[in-house]
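Structure first, commentary second.
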Amino acid sequence: MRGGLVEEAENLFDEMPDRNVVTWNTMINGYFKNGQKEKAFGLLGSIPNPDIYTYNTMISGLVQSGDLFGARKVFDKMDSRDVVTWNSIIAGYVHKGMIDEAMQLFHEMPLGMRGRDTVSWIVMVSGLAKEGRLEEGVKLFMMMKESELSPDKATFTSILTICSELPALCLGEQVCAQSIKTALNHTIEVCNAMITMYARCGNMTSALRCFSSMPTHNVISWNSIISGFSHHGLGPQALEMFEEMRFSDVKPNELTFIAVLSACSHAGLVEKGKYYFDYMKDECFLQPTAGHYTCIVDLFGRFGLIDEAMSFIDQMRADGLEVPVSVWGAILGACRVHRNVEVGAVAAENVLAIEPNRSGTYMILAEIYASVGRLNEVERVLTQMKKNGVKKQPGCSWIEMNDGGSVFLSGDKSHLEFDRIVEPLEVLHVDVELMSVGSDQNLVQSCWHSG
DNA sequence: ATAGGGTTAG
């Protein structure tokens, strides 16, 4: 049934001498899995004795084919629902990004023995996380622990991912400890989530320890550790891991090469970057995506090879590919660092043609003009930005500490401890300036800007 | 026997 063999399943089904409700349900599920919604409804109309599995299959099939309201109709008509019924319809709302509606159903569903279970909780926790409502996800996870349900490996995976996005090392380490208690800390999905959590919280030592202690690795494990090193500017270590991966029996995928190419970019390894790009196409038969082109253009551009980056764009066009906005963005960033006014103007024009409402593009272009003293042009760009009704949002950052949080807005000095906070920042700034003395000024600046 | 969930980039 799975591999597109619907017709064969159909024939078998038609010829079966004694079909029972399980056979019917399996057939309905198969139709949905093969995108044949109408045939599924056809069977539903002729099934002699539908049971709760039949309706649950309909709900999940409709949800997965994107028809939430069709699923809701089935849900409303049912006179007895079980926990799977509820979880399926809740997952449907989550799938559509209607998280508040999902939450309402989560509160309405029955509690107790056959009611709200681990799956119900995790659907809501991961649903909140998908919408970026990470703190609410954590709160719900805490509430789940207060109930008598114990987390399983999907729960750990999901909450560790939230920790990596916040990021929240303390909570992440607590969750790791809990997973050890339940002996789920060696399952591949939980380990992969741990690697990402440690990496994104800045602890590559623990990330590597976790990776090394895993019994087996899959492509996600490798991608997680490689991109972890890459993210921290540890290009050589990232490439070392990739070379190790080539000796394993796990095949790299598109994401592996995003990590590898951006590692080359951060480490300034132009030749290696070119080599891996060709290796990906010619040896692994992977079609480069917009993301890969962006990495390679970023690699050239960061190193000041703007002409080479531009000829790469020509090559893309010659291959009949659209030049994605991210590629022009990479060129623009390179022109800022290397003060290339001519190409910078072209890149900005191309970015603005696709995304006219991003204030950052205007600001970078103005900065490029300012850096070479063309103040009339600076004025012109800022006027154009205003004319197009684009407003620059003030920069904003926040930090949470033991006794509460603090929010900072660019230009705002109203924080009670402003002076005490700014002092070490100024020391840091002086340190960076000192670093640039006696070394290549441009290089340090490029690191600073691309931070 | 048949139905519901989780992991990798920027």
Side-chain angles (χ1 to χ4, degrees), chain A residues 1 19-30 32-33 47 50-64 71 74-75 78 81-92 94-95 109 116-127 129-130 137 151-162 164-165 184 187-197 199-200 207 211 214 217-228 230-231 238 250 252-263 265-266 289-295 298 324-327 329-330:
Chain A
M1 188 56 132
R19 296 180 296 201
N20 62 18
V21 65
V22 177
T23 341
W24 288 85
N25 293 345
T26 308
M27 198 64 212
I28 291 177
N29 190 33
F32 275 117
K33 291 279 179 299
I47 182 169
D51 62 4
I52 194 153
Y53 283 82
T54 316
Y55 296 116
N56 288 347
T57 303
M58 289 300 297
I59 291 180
S60 87
L62 287 166
V63 160
Q64 276 158 38
V74 177
F75 178 87
M78 290 170 74
R81 309 179 180 108
D82 66 5
V83 63
V84 176
T85 322
W86 283 93
N87 290 346
S88 303
I89 196 71
I90 292 173
V94 165
H95 194 70
M109 76 184 290
R116 193 186 290 168
D117 67 1
T118 313
V119 176
S120 328
W121 284 95
I122 204 61
V123 165
M124 285 314 304
V125 169
S126 63
K130 263 179 224 155
D152 61 3
K153 64 176 183 171
T155 316
F156 285 126
T157 311
S158 192
I159 192 72
L160 283 168
T161 303
I162 292 183
S164 75
E165 284 172 7
L184 291 166
T187 59
I188 198 157
E189 295 91 341
V190 174
C191 281
N192 291 345
M194 278 187 195
I195 294 170
T196 303
M197 186 277 292
R200 300 207 47 178
F211 180 88
M214 288 171 74
H217 301 123
N218 64 14
V219 68
I220 296 177
S221 326
W222 286 103
N223 291 355
S224 304
I225 194 74
I226 294 171
S227 61
S230 167
H231 236 242
V250 180
N253 65 13
E254 288 88 347
L255 256 52
T256 317
F257 284 100
I258 294 277
V260 167
L261 293 175
S262 62
S265 185
H266 290 306
T289 64
H292 298 110
Y293 286 115
T294 308
C295 286
D298 183 62
V325 66
S326 54
V327 166

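Predicted, not measured: the structure shown is a model, and the values here were computed from it. Letters A, B, ... are given to chains in the order of the sequence lines, protein chains preceding strands, and every chain is numbered from 1.
Rounding to whole angstrom units, CH2 of residue Trp24(A) and C1' of dT2(B) are separated by 14 Å. Protein atom CE of Met197(A) is 13 Å distant from nucleotide atom P of dT8(B), rounded to whole Å. In this structure, Arg81(A) atom CZ and dA3(B) atom P are separated by 21 Å, rounded to whole Å. As a whole-Å value, the separation of Met194(A) CE from dT7(B) C1' is 12 Å. As a whole-Å value, the separation of Asp117(A) CG from dA3(B) P is 16 Å. Look at CD1 on Ile89(A): it is 13 Å from P on dG5(B), rounded to the nearest Å. Rounded to a whole Å, the CG atom of Leu184(A) is 14 Å from the C1' atom of dG5(B). Spacing between atom CG of Asp51(A) and atom P of dT2(B) amounts to 13 Å, rounded to whole angstrom units.
Closest contact between the side chain of Tyr53(A) and the listed nucleotides dG6(B), dT8(B), dA3(B) involves dA3(B). Of the candidate nucleotides dT8(B), dA3(B), dG10(B), dG10(B) has the atom lying nearest to any side-chain atom of His231(A). Comparing dA9(B), dT2(B), dT7(B) by their closest approach to the side chain of Asn192(A) singles out dT7(B). Set against dT2(B), dG6(B), dT8(B), the side chain of Thr161(A) has dT8(B) as its closest nucleotide. Side-chain atoms of Leu255(A) lie closest to dT8(B) of the nucleotides dA3(B), dG6(B), dT8(B). The side chain of Ala154(A) sits closest to dG5(B) out of dG5(B), dT8(B), dT2(B).
A donor N or O paired with an acceptor N or O is found under 3.5 Å between the base of dG5(B) and the side-chain atoms of Asp152(A). In the interface, the side chain of Asn223(A) is not paired with the base of dA9(B) through any donor and acceptor atom under 3.5 Å apart.
Heavy atoms of Val22(A) sit under 4.0 angstrom from at least one base atom. Val83(A) comes within 4.0 angstrom of a base, heavy atoms only. The residue Thr118(A) sits close to a base: some heavy atom pair falls under 4.0 Å.
When side chains are defined from C-beta on, Trp222(A) does not count as touching Pro252(A), because their heavy atoms never get closer than 4.5 Å. With contacts defined as side-chain heavy-atom distances shorter than 4.5 Å, the pair Cys295(A)/Asp298(A) does not qualify. Thr155(A) is not listed as a side-chain neighbour of Val125(A), based on a closest heavy-atom distance of 4.5 Å or more. Using a 4.5 Å heavy-atom cutoff, the side chains of Gln64(A) and Lys33(A) are in contact. With contacts defined as side-chain heavy-atom distances shorter than 4.5 Å, the pair Glu189(A)/Ile220(A) does not qualify.
Between Ser126(A) and dG5(B), a side-chain N or O to OP1/OP2 separation shorter than 4.0 Å is absent. For dA3(B), the OP1/OP2 oxygens have a side-chain nitrogen or oxygen of Asn29(A) closer than 4.0 Å. Contact annotation: Lys153(A) does not reach the phosphate of dG5(B) (side-chain N/O to OP1 or OP2, under 4.0 Å).
Using bins of under 30°, 30° to 60° and over 60° for the plane-to-plane angle, the ring pair His217(A)/Phe211(A) lands in the parallel bin.
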